[in-house]
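Here the structure comes first, spelled out in structure tokens, and everything after it is commentary.
Chain A is the first sequence line, chain B the second, and so forth, proteins listed ahead of strands; every chain is numbered from 1.
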Amino acid sequence: MPELPEVEILVRHLGPLLKGKRIRDVEVRRAKVLGRTSERELKAALRGAMFTGLTRRGKYLLFELRGAVGRKSRTLVGHLGMTGRMYLLAKNDPLPKHTAVVLGLGSLRMVYEDTRYFGRLTLDGEEIQKLGPEPLGADFTGEYFAFALKRSSQAIKIKLLDQTLVAGVGNIYASEALFLAGISPRLAANKLSEAQVKVLRRTIRDVLKKAIRRGSTLPLNFAGEEKSDGLFYYGSESGAGDFDHERLLVYDRKGQPCLRCKTPIERLTQAARSTFYCPGCQRIQPRVKSVDG
DNA sequence: CACCATGTTCCTTG
DNA sequence: CCAAGGAACATGGT
């Protein structure tokens, strides 16, 4: 369930539900997800603590806790990896197969499940320090973006996945933003024109905002029984018609006609990840004026 | 069996 | 030191 918009929606949903709840038990079923934090350390920090807030930084969840005894506050850091999910279940509901951690909250339990166990639930905030600016925040300025891109000859698609450059863009929205900007994913970061940098900054923000808006209106399932909750960039009760602006425009659409120019969407591999793009709309070299004959 | 998957880190090679 | 490429992590879907 990753990428910034999904995490943001989860924060908005889960935050109010957790606020004021006290952690009574901590069960660790897969210690790997604790990262550098030991199971003992986690339990000592969480038992008796109360949730006071939930925020997001990039793709990370920041659970704010106040210790049982006094004012000592702590931050529990979560990351969903590729397949992580977090939600509340009733105390006696069965736990899913790949449950990594369970926090007992009295009549409820907060479940962190993660099929592939790539995610994290930890007290170690080291990774947060390395993150670049929030793409929807005030620090992600055109000047910053231009400066950061100027220093690298890496393909722009790969740079967009660099969380130290900007925090929260993932493989899906990187492809989408580049398509909307009409920029080739292979273009070297330092070869983008000033105009392209501006457009790309805007399409990154637009695509993330739109996904958050969409996630806010979808009937997402946070309870866990079904599996229709995580990937809210898919599926839709779109309704209206001809052009579905809510859907993904290029991601996972290899071979299908570009919604703008009908050229078949292509897939390429960059940094061992799939990139989807339209070879008609996203060229490195500007289109040559066609001379008939 | 093959290949693919929303993420990130680590290792090797140049 | 840097960049690029690949493997690794672990499980499931097609």
In whole Å, what separates the C1' atom of dT9(B) from that of dG12(C)? 22 Å

Thr83(A) side chain to Arg116(A) side chain, donor-acceptor N/O pair below 3.5 angstrom: no

I need the CZ-C1' distance between Arg85(A) and dT6(B), as an integer number of Å. 14 Å

Give a yes or no on whether Lys19(A) atom NZ has more than 12 heavy-atom contacts from other residues, nucleotides or ligands under 6.0 Å away. no

Taking for His98(A) and for Lys32(A) the nucleotide of DNA chain C with the nearest heavy atom, the one nearer the 5' end belongs to Lys32(A)

Determine if Phe118(A) stacks with dG7(B); use a centre-to-centre distance below 5.5 Å and an interplanar angle below 30° as the criteria. yes

Respond yes when some side-chain nitrogen or oxygen of Arg30(A) is under 4.0 Å from OP1 or OP2 of dT11(C), and no when none is. yes

Atom CG of Asn171(A) to atom C1' of dT6(B): distance rounded to whole Å? 8 Å

At under 4.0 Å between heavy atoms, what does Tyr117(A) touch on the DNA or RNA strands: base, sugar-phosphate, or nothing? sugar-phosphate

What N/O pairs connect the protein and nucleotides 2-6 of chain C at under 3.5 Å? Give each pair on its own line.
unit_1: dA4(C); atom_1: OP2; unit_2: Gln154(A); atom_2: NE2; d: 3.3

Using heavy atoms to find the nearest nucleotide of DNA chain B for Arg36(A) and Arg267(A) separately, return the residue whose nucleotide is more 5′. Arg267(A)

Separation of the P atoms in dG6(C) and dC3(B), to the nearest angstrom: 14 Å

To the nearest angstrom, how far is Lys157(A) atom NZ from dG7(B) atom C1'? 12 Å

Using a cut-off of less than 4.0 Å, is there contact between a side-chain N or O of Gln163(A) and OP1 or OP2 of dT8(B)? yes

Please measure how far the P atom in dT8(B) lies from the corresponding atom in dC1(C), and state the result in whole Å. 24 Å

Please report, rounded to the nearest Å, how far the C1' atom of dT6(B) is from the CG atom of Leu160(A). 15 Å

Taking atom CD of Glu176(A) and atom OH of Tyr277(A), what is their separation to the nearest 0.5 Å? 15.0 Å

Just wondering, do Lys157(A) and Arg186(A) contact through their side chains at under 4.5 Å, heavy atoms? no

Should we say atom NZ of Lys191(A) is surrounded by more than 12 heavy atoms from elsewhere, each under 6.0 Å from it? no

So Arg120(A), base contact, sugar-phosphate only, or nothing? Heavy-atom distance under 4.0 Å. nothing

Does a nitrogen or oxygen in the side chain of Lys59(A) sit under 4.0 Å from OP1 or OP2 of dT8(B)? yes

Judged by atom type as modelled, is there a donor-acceptor pair below 3.5 Å linking the side chain of Gln163(A) to the main-chain atoms of Gly58(A)? no

If you draw a 6.0 Å radius around NZ in Lys32(A), do more than 12 non-hydrogen atoms from other residues or ligands fall strictly inside? yes

Could you tell me whether the phosphate oxygens of dG12(C), OP1 or OP2, come under 4.0 Å of any side-chain nitrogen or oxygen in Lys97(A)? yes

Which ranges of DNA chain C pair up as stems, where a stem means three or more consecutive Watson-Crick or G-U pairs with both distances under 3.5 Å? B:2-5 with C:11-14, B:7-14 with C:2-9

What I want to find out is whether Lys198(A) reaches Glu194(A) closely enough, with some N-O distance under 4.0 Å, to be called a salt bridge. no

The criterion is salt bridge (charged side-chain N to carboxylate O under 4.0 Å, His left out); which residues satisfy it with Arg36(A), sequence neighbours excluded? Asp124(A), Glu127(A)

Ignoring hydrogens and angles, are the base of dA5(B) and the side chain of Arg273(A) linked by a donor-acceptor pair under 3.5 Å? no

Tell me if a side-chain donor or acceptor on Ser175(A) pairs with a main-chain N or O of Phe276(A) at a distance below 3.5 Å. yes

What's the CG-P distance between Leu248(A) and dA5(B), to the nearest Å? 14 Å

